[in-house]
Trainee: 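Got a structure here, written out as structure tokens. Questions coming.
Below, all heavy atoms of this structure are taken into account, side chains as well, without hydrogens, waters or symmetry copies. Small disclaimer: the values here were computed from a predicted structure and weren't measured.
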Amino acid sequence: MGPLPAIADGGLARPRIGIAGISIESSTFSPHISGDEAFTVRTGDALLAYYPFLEAGRELNGAAEWVPLTHGRSLPGGAVAPDTYRRMKESILAGIRAEGPFDGFFFDIHGAMSVVGMDDAEGDLAAAVREALGEDTLVSTSMDLHGNVSEVLRDAVDLLTCYRMAPHEDWMNTKERAVWNLLARLRGEHGADPLRRRPYSAWVPVPVLLPGEKTSTRLEPATGIYAQLPEIEALDGVVDASVWIGYAWADEPRCQAYVVVTGDDRMLIAREAERVARMFWNAREDFVFVAETGTLDEAVARALAPQAQRPYLISDSGDNPTAGGAGDVTWTLARLLDRPELTDGTRTTLVASIFDRAAVALAVAAGVGRTVTLSAGAGVDDGPHGPVTITGTVYSITDGDPDAGTQVVIAVGGLHAIITERRKPFHHLDDFRMLGLEPTTADIVVVKIGYLEPELYDLAAGWTLALTPGGVDQDLLRLGHHRLRPGVYPFDTTGTPALTAVVTRRGEDQEESA
């Protein structure tokens with residue numbers, strides 16, 4: 001991104017910029033409901049401090065008068081409760097009415113939020129934000145690449161960008177890029193003209209819907225497709241180029257892939273958006289899972305093989321809470337407990353995790369070192385399997401985790417089952433170490449995840465992505481989508497889309513296909 005451009009004639013030296021949004025990824029196939037308790041809501045100074053690139057003394061901090069309003073962020077989960085969404089939405093709109101007007105607005109969202117009873121939650125929020133801001137405010141939007149860009153969302157904002165890495169190691173960098181693009185337009189030669197400072201957007205929906213674990217940017221063809229974006233962005237007349245994979249675990253008409261290129265050269269951005277869209281469509285059958293896949297039994301067999309490298313990682317992918325799974329599906333744990341090779345004490349297996357407040361309380365009451373029999377899990381998602389019965393020794397009790405609350409480990413021979421009070425993803429080595437477990441010396445580590453986050457990826461000497469059931473089942477065809485638009489691959493394998501860019505700019509009446 002580099003330093004901000006100098007302030008051109010007519011540009012705004014210190015624009016007034018509001019900040020707000022809601023960020024969650026919601027599976028409509030999970031029975032989990034994301035209520036007030038799911039969200040961390042930041043306002044005022046706490047919201048400004050969330051963005052390290054806006055710290056005092058940084059160039060971006062001094063480039064504008066920042067007005068942080070309200071931002072709600074949640075771990076992925078089920079659809080959002082309507083009242084929870086309404087309260088956050090109204091807080092954002094009230095802030096705009098009380099603190100406006102604004103020259104610019106940083107609209108920080110995910111793009112895959114589902115709300116019970118709605119089909120396009122971000123579109124609804126964006127339209128309401130636009131109405132409250134008025135037509136003259138320039139809106140820049142940062143999104144997850146697993147979000148969706150509906151027509152309503154596209155038409156309500158001016159600048160769009162999303163992550164370019166999966167796993168999302170560039171998530172904060174993307175937010176900074178969205179802010180940088182916003183400031184660059186406000187400071188530039190068109191800064192005094194609310195219409196001309198808006199770039200055009202070339203939008204191409206691509207009727208492909210794939211799970212994130214098949215579209216990791218660590219592998220081709222995603223690597224090559226995403227490598228196009230900085231090259232396009234560097235062209236004269238282009239502001240940004242982005243590709244959205246879309247969100248696979250919501251059954252809504254907006255769910256599919258998208259390409260959006262923004263800039264001032266209409267023909268160029270349309271050409272480049274269409275070119276990348278064709279790359280994506282032509283590669284649709286070439287996307288592969290980021291790791292060797294198999295059933296759970298196949299994954300365990302590989303992990304137990306004499307030649308297996310340790311530690312061996314198994315992804316319990318169907319109940320991945322960071323993709324929207326409930327996090328308390330017991331299907332995998334129940335089957336692991338039935339394997340004597342894992343419970344006879346000859347090897348160490350770590351299983352993360354399920355949440356069940358009552359089961360944790362029983363283990364805490366018994367105390368470390370005591371034998372307990374308890375029923376746990378499936379309080380939210382009992383579809384694949386009901387509660388699991390565990391008889392074992394309380395290995396450890398750990399209080400005070402900000403996400404999980406109290407955590408207990410129940411040892412059944414060499415199998416260590418982690419039970420938490422609240423949903424928690426296990427992405428870091430310290431998530432295990434705080435419980436008295438050492439993942440680097442374990443034989444097998446089972447975690448509710450799809451592709452491995454960086455620390456687990458580095459940990460894994462061997463790895464199988466197990467195709468387990470749950471609200472974020474990797475086998476999309478067995479989930480039961482029935483509300484997608486016609487022609488979306490792999491649900492419909494007939495036909496060839498036009499992949500023609502729709503070029504728009506707010507304030508102009510016409511919408512043109514290139």
Side-chain angles (χ1 to χ4, degrees), residues 25-35 37-38 74-81 114 116 249 295-297 299-300 314-339 342-343 349-366 372-392 394-395 401 403-412 415-426 435 446-450 466-475 478-480:
E25 190 174 68
S26 310
S27 169
T28 62
F29 296 100
S30 171
H32 178 258
I33 298 296
S34 299
E37 76 290 339
S74 172
L75 181 72
V80 179
S114 293
V116 175
W249 296 292
T295 66
L296 179 64
D297 286 343
V300 173
I314 297 176
S315 292
D316 181 8
S317 64
D319 192 37
N320 174 10
T322 55
D328 75 337
V329 171
T330 60
W331 188 92
T332 294
L333 177 58
R335 278 153 181 77
L336 297 176
L337 288 168
D338 284 341
R339 300 290 297 257
L342 303 181
T343 60
T349 301
L350 313 182
V351 185
S353 63
I354 56 176
F355 71 93
D356 189 311
R357 185 180 296 273
V360 168
L362 288 173
V364 170
V372 294
T373 296
L374 48 83
S375 176
V380 174
D381 191 346
D382 64 354
H385 189 278
V388 62
T389 299
I390 309 174
T391 298
V394 181
Y395 178 85
D401 185 87
D403 296 315
T406 299
Q407 304 175 85
V408 300
V409 178
I410 308 298
V412 184
L415 187 150
H416 296 70
I418 301 170
I419 309 173
T420 63
E421 283 191 306
R422 299 188 297 271
R423 299 167 73 238
K424 177 185 176 177
F426 280 69
L435 309 180
V446 182
V447 65
K448 292 180 184 289
I449 199 169
L467 302 179
T468 54
V472 290
D473 195 328
Q474 297 291 317
D475 187 345
R478 69 185 182 190
L479 273 173

Trainee: Sequence neighbours excluded, which residues qualify as salt bridge (Lys or Arg N to Asp or Glu O under 4.0 Å) partners of Asp473?
Mentor: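 Here the qualifying residues are Arg478.
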Trainee: If the condition is side chain to side chain contact (heavy atoms under 4.5 Å, CB included), which residues does Thr28 pass it with, not counting sequence neighbours?
Mentor: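 With sequence neighbours excluded, Thr28 shows a side chain to side chain contact (heavy atoms under 4.5 Å, CB included) to Ser114, Ala250, Asp251, Glu252, given in chain and number order.
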Trainee: Can you name the side chain to side chain contact (heavy atoms under 4.5 Å, CB included) partners of Ala299, sequence neighbours left out?
Mentor: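 Once residues adjacent in sequence are excluded, the partners of Ala299 under the side chain to side chain contact (heavy atoms under 4.5 Å, CB included) criterion are Ile314, Thr464, Ala466.
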Trainee: Which pairs of donor and acceptor atoms, one on a side chain in residues 318-328, lie under 3.5 Å apart (sequence neighbours left out)?
Mentor:
| from | atom 1 | to | atom 2 | distance (Å) |
| --- | --- | --- | --- | --- |
| Asp319 | OD1 | Ala326 | N | 3.2 |
| Asp319 | OD1 | Gly327 | N | 2.9 |
| Asp319 | OD2 | Gly327 | N | 3.2 |
| Asp319 | OD2 | Asp328 | N | 3.2 |
| Asp319 | OD2 | Val329 | N | 3.0 |
| Asp319 | OD2 | Lys448 | NZ | 3.0 |
| Asn320 | OD1 | Thr322 | N | 2.9 |
| Asn320 | OD1 | Thr322 | OG1 | 2.6 |
| Asn320 | ND2 | Thr322 | OG1 | 3.4 |
| Asp328 | OD1 | Asp381 | N | 3.1 |
| Asp328 | OD2 | Ala378 | N | 3.3 |
| Asp328 | OD2 | Gly379 | N | 2.7 |
| Asp328 | OD2 | Val380 | N | 2.7 |

Trainee: For Glu25, give me all partners under side chain to side chain donor-acceptor pair (under 3.5 Å), at least two apart in sequence or on another chain.
Mentor: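 If we apply the side chain to side chain donor-acceptor pair (under 3.5 Å) test to Glu25, skipping adjacent residues, the hits are His110.
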Trainee: Tell me every residue that passes side chain to side chain donor-acceptor pair (under 3.5 Å) with Ser353, counting only those two or more places apart in sequence or in another chain.
Mentor: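 Not a single residue meets the side chain to side chain donor-acceptor pair (under 3.5 Å) criterion with Ser353.
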Trainee: Return the set of residues passing side chain to side chain donor-acceptor pair (under 3.5 Å) with Thr420 (not counting sequence neighbours), or none when no residue passes.
Mentor: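 Per chain and number, Thr420 pairs via side chain to side chain donor-acceptor pair (under 3.5 Å) with no residue.
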Trainee: Using the test side chain to side chain contact (heavy atoms under 4.5 Å, CB included), find all partners of Arg357 that sit at least two apart in sequence or belong to another chain.
Mentor: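 With neighbours one apart ignored, the set is Glu421, Arg422.
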Trainee: Of all residues at least two apart in sequence or in a different chain, which pass the ring pair (Phe, Tyr, Trp, His ring centres under 6.0 Å) check with Phe426?
Mentor: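 Testing Phe426 for ring pair (Phe, Tyr, Trp, His ring centres under 6.0 Å), a comparison that skips the adjacent residues, returns Phe432.
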Trainee: With sequence neighbours excluded, what pairs up with Ile33 under the side chain to side chain contact (heavy atoms under 4.5 Å, CB included) test?
Mentor: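 If we apply the side chain to side chain contact (heavy atoms under 4.5 Å, CB included) test to Ile33, skipping adjacent residues, the hits are Ala81, Val116.
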Trainee: Taking side chain to side chain donor-acceptor pair (under 3.5 Å) as the definition, give me every residue that meets it alongside Asp403, ordered by chain and number, with sequence neighbours left out.
Mentor: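 Not a single residue meets the side chain to side chain donor-acceptor pair (under 3.5 Å) criterion with Asp403.
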Trainee: With sequence neighbours left out, write down each residue that passes salt bridge (Lys or Arg N to Asp or Glu O under 4.0 Å) with Asp401, or none if nothing qualifies.
Mentor: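 By the salt bridge (Lys or Arg N to Asp or Glu O under 4.0 Å) rule, Asp401 matches Lys424.
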